[in-house]
Amino acid sequence: MDLSKVVITVYGAEERCASCVNAPGSKETFEWLQAAIGRKYSNDQFHYQYVDIMKSHVEEEYKDFTQRILDEEFFYPLIVMDGEVIDEGAPRLKVVFKAIEEKGIQPTG
């Protein structure tokens, strides 16, 4: 993985979050987020990952956030950028874009 890229990880599950009534599912959110970011910023600055919190085997680097979601500390989908929680439940583009721009990435012309 290119270390100069911003890593955006979406934690979610096939089943929708019980507290997120009428919100899109995690996979839909993951795809929507990639498309929305790609329209505003150069997509080659990002690396996207999706983590299914319900899988029996979760890689070590994702276990902490996965367990915290399962313990109901966070709603899912949970959006994490470079290890920092950005938004959860029904993520808002305004919040995600603000976090991206705080990393020094500017919208493309």
Side-chain angles (χ1 to χ4, degrees):
M1 178 173 33
D2 185 344
L3 296 177
S4 65
K5 291 188 178 192
V6 172
V7 178
I8 298 176
T9 307
V10 176
Y11 292 81
E14 290 293 320
E15 184 179 311
R16 293 177 198 258
C17 172
S19 301
C20 306
V21 178
N22 297 326
S26 299
K27 276 282 197 191
E28 291 93 345
T29 297
F30 178 65
E31 292 164 0
W32 165 77
L33 203 57
Q34 287 182 75
I37 291 170
R39 281 192 299 274
K40 187 163 181 157
Y41 306 93
S42 173
N43 239 346
D44 62 357
Q45 299 178 80
F46 302 95
H47 176 75
Y48 298 95
Q49 304 172 128
Y50 179 80
V51 178
D52 187 331
I53 63 169
M54 298 303 180
K55 288 253 165 91
S56 58
H57 173 73
V58 176
E59 291 177 33
E60 195 63 41
E61 66 182 297
Y62 308 120
K63 283 186 178 177
D64 179 54
F65 280 122
T66 298
Q67 191 57 52
R68 291 167 73 185
I69 295 167
L70 295 173
D71 290 343
E72 299 181 358
E73 185 178 333
F74 293 115
F75 292 118
Y76 63 88
L78 178 70
I79 313 301
V80 176
M81 187 179 306
D82 288 344
E84 179 184 328
V85 173
I86 302 303
D87 211 352
E88 61 182 311
R92 298 166 303 271
L93 281 179
K94 185 176 179 180
V95 173
V96 173
F97 290 166
K98 181 176 186 278
I100 288 171
E101 289 174 18
E102 284 173 357
K103 297 246 177 227
I105 298 171
Q106 295 303 310
T108 52

Side-chain heavy atoms of Ile53 within contact of Val58, under 4.5 Å: no

Minimum side-chain heavy-atom gap Val51-Phe65 below 4.5 Å: no

Inspect the surroundings of CD in Gln106 and state if more than 12 heavy atoms from other residues, nucleotides or ligands are less than 6.0 Å away. yes

Donor-acceptor contacts under 3.5 Å from residues 91-100 side chains, at least two apart:
unit_1 : atom_1 : unit_2 : atom_2 : d
Arg92  : NH2    : Asp87  : OD1    : 3.3
Lys98  : NZ     : Glu102 : OE2    : 2.8

Close side-chain approach of Met81 and Lys103, heavy atoms under 4.5 Å: yes

For the backbone of Val7 and the side chain of Asp82, can you confirm whether one donor and one acceptor N or O come within less than 3.5 Å of each other? yes

Among residues at least two apart in sequence or on other chains, which ones pass ring-ring contact (aromatic ring centres under 6.0 Å, His included) with Tyr48? none

In Asp71, Thr66, Asp64, the residue satisfying side-chain hydrogen bond (donor to acceptor under 3.5 Å, both in side chains) with Arg68 is Asp64

If you define the side chain from C-beta out and look only at heavy atoms, does anything of Pro107 sit under 4.5 Å from Glu101? yes

Between Ser26 and Tyr76, what is the shortest heavy-atom contact and its length? OG-CD1, 3.6 Å

Kindly compute the distance separating CD1 (Ile8) from CD1 (Ile37), expressed to the nearest 0.5 Å. 3.5 Å

I need the Asn43 CG to Lys5 NZ distance, nearest 0.5 Å. 8.5 Å

4.5 Å side-chain heavy-atom contact, Lys27 and Val10: no

Would Leu70 and Met54 satisfy side chain to side chain contact (heavy atoms under 4.5 Å, CB included), going step by step from the backbone distance to the final call? CA-CA 9 Å; Leu70 295 173; Met54 298 303 180; 4.1 Å; yes

Do the ring planes of Tyr62 and Tyr11 sit parallel (below 30°), tilted (30 to 60°) or perpendicular (above 60°)? perpendicular

Rounded to the nearest 0.5 angstrom, the CD-CD distance for Gln49 and Glu59 is 8.5 Å

